[in-house]
Chemist: 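Please find one structure pasted underneath; my questions will follow.
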Amino acid sequence: MKILKAKDYSDLSRKAANLISAQILMKPHCVLGLATGSTPIGTYKQLVDAYNQGDLDFSEVTTVNLDEYKGLPKENDQSYYYFMNDHLFSKVNIDKSRTFLPDGTEEDSDKACRQYNDIIHSLGGVDLQLLGLGHNGHIGFNEPGTAFEKETHCVTLSERTIKANMRFFVSENDVPRQAYTMGIKTIMSAHKIVVVVSGADKADIVKEAFFGPVTPQVPASILQLHNDVTVVADEAALSKCTELI
Ligand code: GLP
């Protein structure tokens with residue numbers, strides 16, 4: 001596991017975007033695994049800037065997102081599709097028919113998850129997977145206690161995740177209680193993984209996830225066993241592991 005120390009959030013965003021740009025330049029028809037949450041927003045902005053400057057071409061790129069709320073259609077401004085479209089897809093020359101997220105409107109969870117697994121398998125897997133990190137160590141929506149061997153599955157969100165994500169909704173009651181997410185097995189199958197983490201409020205979980213024991217209680221800890229993970233974190237997020245890096 002490589003730790004890239006960034007000075008602050010904008011430095012972190014630039015470093016993460018550079019890793020993704022390098023992937024696209026090396027393999028223009030790559031499959032990118034993408035993430036939502038507030039942390040990757042700066043990374044997407046950097047990618048859009050690079051595209052606008054003529055340095056990046058998304059025309060052959062395919063994307064698969066980590067997760068989607070169950071029950072939210074694409075048009076809902078809190079859906080992850082809406083987020084991706086707003087921050088990236090509508091701003092670059094990506095072919096929208098090659099941007100995939102789990103289908104939040106599919107009520108049959110087994111069907112939604114099976115379809116999404118089939119899409120990922122038919123693409124031949126993910127070249128580079130971008131991840132954020134939840135305060136409880138979740139990646140995608142894989143909450144503490146999730147079995148490591150799962151592929152795409154339906155999850156019931158923890159109270160902590162509902163509270164953390166409430167800031168994007170009008171009220172806590174509006175936050176969906178369930179979501180479809182790539183499983184840990186799917187995430188671990190990516191050739192390359194880039195994790196972005198920012199802020200002092202993530203310092204404890206950074207130490208626990210990347211320097212503590214590997215346990216399903218801290219889903220991100222499994223990343224210690226992947227052979228190509230780069231954690232791009234700012235000084236605040238790394239403040240509790242200065243003696244370890
Ligand atoms: C949500 C997403 C995760 C994301 C996490 C952290 O729960 N499902 O994929 O990593 O939020 O978000 P943030 O970057 O806003 O802290």
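We count ligands from 1, going down the list as the structure has it; atoms in each ligand are counted the same way. Index from 1, following the sequence.
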Chemist: Return the residue, atom name and 0.1 Å-rounded distance of the protein heavy atom closest to atom 4 (C) of ligand 1.
Modeler: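 Heavy-atom neighbour on the protein nearest atom 4 (C) of ligand 1: Thr36 O, 4.1 Å.
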
Chemist: Evaluate the criterion salt bridge (Lys or Arg N to Asp or Glu O under 4.0 Å) for residue pair Lys5 and Glu235; output intermediate values, then yes/no.
Modeler: CA-CA 7 Å; Lys5 188 172 181 172; Glu235 284 175 6; 5.1 Å; no

Chemist: Check the side chains of Asp204 and His135 for a donor-acceptor pair under 3.5 angstrom, ignoring hydrogens and angles.
Modeler: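 Distance-only check fails for His135 and Asp204.
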
Chemist: Can you check which of Tyr80, Tyr69, Phe83 brings a heavy atom nearest to atom 2 (C) of ligand 1?
Modeler: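 Considering heavy atoms of Tyr80, Tyr69, Phe83, the nearest to atom 2 (C) of ligand 1 sits in Tyr80.
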
Chemist: Look at ligand 1 and say whether Lys202 reaches it with a heavy atom at a distance under 4.0 Å.
Modeler: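 Judged by the 4.0 Å heavy-atom criterion, Lys202 does count as contacting ligand 1.
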
Chemist: Can you tell me if Gly140 contacts ligand 1 (heavy atom of the residue under 4.0 Å from the ligand)?
Modeler: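 A heavy atom of Gly140 does come that close to ligand 1.
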
Chemist: Looking at ligand 1, would Met182 count as a contact under a 4.0 Å heavy-atom criterion?
Modeler: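 Per 4.0 Å heavy-atom rule, Met182 does not contact ligand 1.
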
Chemist: Report the part of Glu143 in contact with ligand 1, treating N, CA, C, O as backbone and CB onward as side chain, heavy atoms under 4.0 Å; options are side chain, backbone, both, neither.
Modeler: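 The answer is neither; Glu143 stays 4.0 Å or more away.
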
Chemist: Considering only heavy atoms, does His138 approach ligand 1 within less than 4.0 Å through its side chain, its backbone, both, or neither?
Modeler: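 Under 4.0 Å from ligand 1, His138 contributes side-chain atoms alone.
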
Chemist: Keeping Asp8 on the side-chain end and Asp234 on the backbone end, is there a donor-acceptor pair under 3.5 Å?
Modeler: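 Flag not set: sc Asp8 to bb Asp234 has no pair under 3.5 Å.
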
Chemist: Provide the number and element of each atom of ligand 1 under 4.0 Å from a heavy atom of Phe141.
Modeler: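 Answer for ligand 1: 7 (O), 8 (N).
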
Chemist: Output, in order, the C-alpha distance, side-chain angles, deciding distance and verdict of side chain to side chain donor-acceptor pair (under 3.5 Å) for Ser59 and Asp57.
Modeler: CA-CA 6 Å; Ser59 62; Asp57 177 11; 2.9 Å; yes

Chemist: Where's the contact between Asp67 and ligand 1, heavy-atom distance under 4.0 Å: side chain, backbone, both or neither?
Modeler: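 The answer is the side chain of Asp67.
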
Chemist: Please identify which atoms of ligand 1 are closer than 4.0 Å to at least one heavy atom of Ser38.
Modeler: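 Those of ligand 1 that fall under 4.0 Å from Ser38 are 13 (P), 14 (O), 15 (O).
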
Chemist: For ligand 1, which atoms have a heavy atom of Gly132 less than 4.0 angstrom away?
Modeler: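 Contacts of ligand 1 toward Gly132, numbered from 1: 10 (O).
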
Chemist: Membership question, hydrophobic clusters at under 4.5 Å side-chain separation (ILVMFWY): are Leu223 and Leu130 in the same one?
Modeler: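 Shared cluster, no.
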
Chemist: Write out the residue and atom name of the closest protein heavy atom to atom 12 (O) of ligand 1, then the distance separating them to 0.1 Å.
Modeler: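 Answer for atom 12 (O) of ligand 1: Gly37 CA, 3.8 Å.
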
Chemist: Quick one: which ligand 1 atoms are inside 4.0 Å of a heavy atom on Leu133?
Modeler: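 In order of number, 6 (C), 10 (O).
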
Chemist: What do we get for Asn165 next to ligand 1 when only non-hydrogen atoms under 4.0 Å count, side chain, backbone, both or neither?
Modeler: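 The side chain, only.
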
Chemist: Check whether Lys91 reaches the backbone of Asp86 with its side chain - one donor and one acceptor, N or O, closer than 3.5 Å.
Modeler: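 Confirmed, Lys91 side chain pairs with Asp86 backbone.
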
Chemist: Just wondering, are more than 12 heavy atoms of other shown residues or ligands nearer than 6.0 Å to NZ in Lys7?
Modeler: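 12 or below, so no.
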
Chemist: Would you mind checking if Asp118 and Arg114 are paired as a salt bridge, meaning a charged N to carboxylate O distance below 4.0 Å?
Modeler: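 No salt bridge links Arg114 with Asp118.
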
Chemist: Between Glu151 and His121, is any side-chain donor less than 3.5 angstrom from a side-chain acceptor?
Modeler: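 Indeed, the side chains of Glu151 and His121 share at least one donor-acceptor pair under 3.5 Å.
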
Chemist: Among protein heavy atoms, which sits nearest to atom 14 (O) of ligand 1, and what does the distance come to when rounded to 0.1 Å?
Modeler: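 Scanning the protein heavy atoms, the shortest distance from atom 14 (O) of ligand 1 goes to Thr39 OG1, 2.4 Å.
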
Chemist: With a 4.5 Å heavy-atom cut-off, do Leu133 and Phe210 have their side chains touching?
Modeler: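 Yes; the side chains approach each other to less than 4.5 Å.
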
